[in-house]
Amino acid sequence: MRTPVPPAAEGFRRLLSMMADALLALTAGVVAGLAAVTSLSMSGQTSTDRETGVLFLVTAAIAVFTVSFANHVVLTLWARASVGKRLAGLRLVRVADCAAPRFGQALGHWVRGLFTIVLIPLLALVEGGEPGRWNPKLRVVRRRDLACRSARPYGAGRPCL
């Protein structure tokens, strides 16, 4: 028997989750960039402002992508939610059986999210303006809709996550 999947989460919860995840990744990038620049200046090596700026940007970009990957792929595989989704009470589930996503699905969800930041206006026009529907195999849902109490239709008999 197929487990019914709750409706997709929308509105403020999704926005809160995206903002928290972005803030986490950007903060990690700034901290890593500043650490690299500080390390360079404390080493006594001379460098131009341009070299220092490039070092900051490259280090920050690597940190942003690394933290974003760990948050959206690794943590999602382990806990079914990124930090932002946890704060907003959301989970990422497979539409087929309401279970946790597989590695490839979580990776695809993350990559789509990265491209969405740049291409959201174009994708909204092409896909009909439904950003939550771009991956038909995964859905972000409210955690309370996955409650383990048998009185609720979704996730009955499953452990609370």
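Each of Met18 and Leu114 belongs to its own hydrophobic cluster when Ile, Leu, Val, Met, Phe, Trp and Tyr are linked at side-chain heavy-atom distances under 4.5 angstrom. Linking ILVMFWY side-chain heavy atoms closer than 4.5 Å, directly or via other members, places Val31 and Leu26 in two distinct hydrophobic clusters. Taken together through direct or relayed side-chain contacts under 4.5 Å among Ile, Leu, Val, Met, Phe, Trp and Tyr, Phe65 and Leu55 form parts of separate hydrophobic clusters. Note on Val83: it does not cluster hydrophobically with Phe12, by side-chain heavy-atom contacts below 4.5 Å among ILVMFWY residues. Both Phe103 and Val111 belong to a single network of hydrophobic side chains, linked directly or stepwise wherever heavy atoms of I, L, V, M, F, W or Y lie under 4.5 Å apart.
The backbone N or O of Ala35 sits nowhere less than 3.5 Å from a side-chain atom of Ser39 that would complete a donor-acceptor pair. Between the side chain of Ser43 and the backbone N or O of Leu40 there is at least one donor-acceptor pair closer than 3.5 Å.
By the 4.5 Å heavy-atom criterion applied to side chains, Ser17 and Leu87 are not counted as neighbours. Using a 4.5 Å heavy-atom cutoff, the side chains of Glu51 and Val54 are not in contact. Counting only heavy atoms from C-beta outward, the side chains of Arg102 and Arg94 approach each other to under 4.5 Å. Two residues are said to be in side-chain contact when any heavy atoms from C-beta on lie closer than 4.5 Å; Val141 and Leu90 fail this criterion. The side-chain heavy atoms of His72 and His109, taken from C-beta on, include no pair separated by under 4.5 Å. Side-chain contact check for Arg80 versus Leu92: every heavy-atom pair is 4.5 Å or farther apart. Arg91 has its side chain within reach of Arg86: a pair of non-hydrogen atoms, C-beta onward, lies under 4.5 Å apart.
Rounded to the nearest 0.5 Å, atoms CG (Leu75) and NZ (Lys85) are 10.0 Å apart. Residue Phe56 holds its CZ atom at 10.0 Å from OG1 of Thr38, rounded to the nearest 0.5 Å.
Minimum interatomic distance between Thr76 and Pro101 (heavy atoms only, all atoms of both residues): CG2-CG, 3.9 Å. Considering all non-hydrogen atoms of both residues, Asp21 and Ser82 come closest at OD2-OG, 2.7 Å. When every heavy atom of Ala106 is checked against every heavy atom of Val73, the shortest pair comes out as O-CG2, 3.9 Å. The minimum heavy-atom distance linking Thr59 with Ala36 is given by the pair OG1-CB, 3.6 Å. Across Gly29 and Ala63, no two heavy atoms sit closer than the pair CA-CB, 3.8 Å. Contact detail for Thr66 and Ile62: the closest heavy-atom pair is OG1-O, 2.7 Å.
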**OP:** Could you walk me through whether Asn71 and Trp110 pass the side chain to side chain contact (heavy atoms under 4.5 Å, CB included) test, one step at a time?
**Re:** CA-CA 9 Å; Asn71 185 29; Trp110 174 65; over 6 Å; no

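Taking a 6.0 Å sphere around CZ of Phe69, one finds it holds more than 12 heavy atoms contributed by other residues, nucleotides or ligands.
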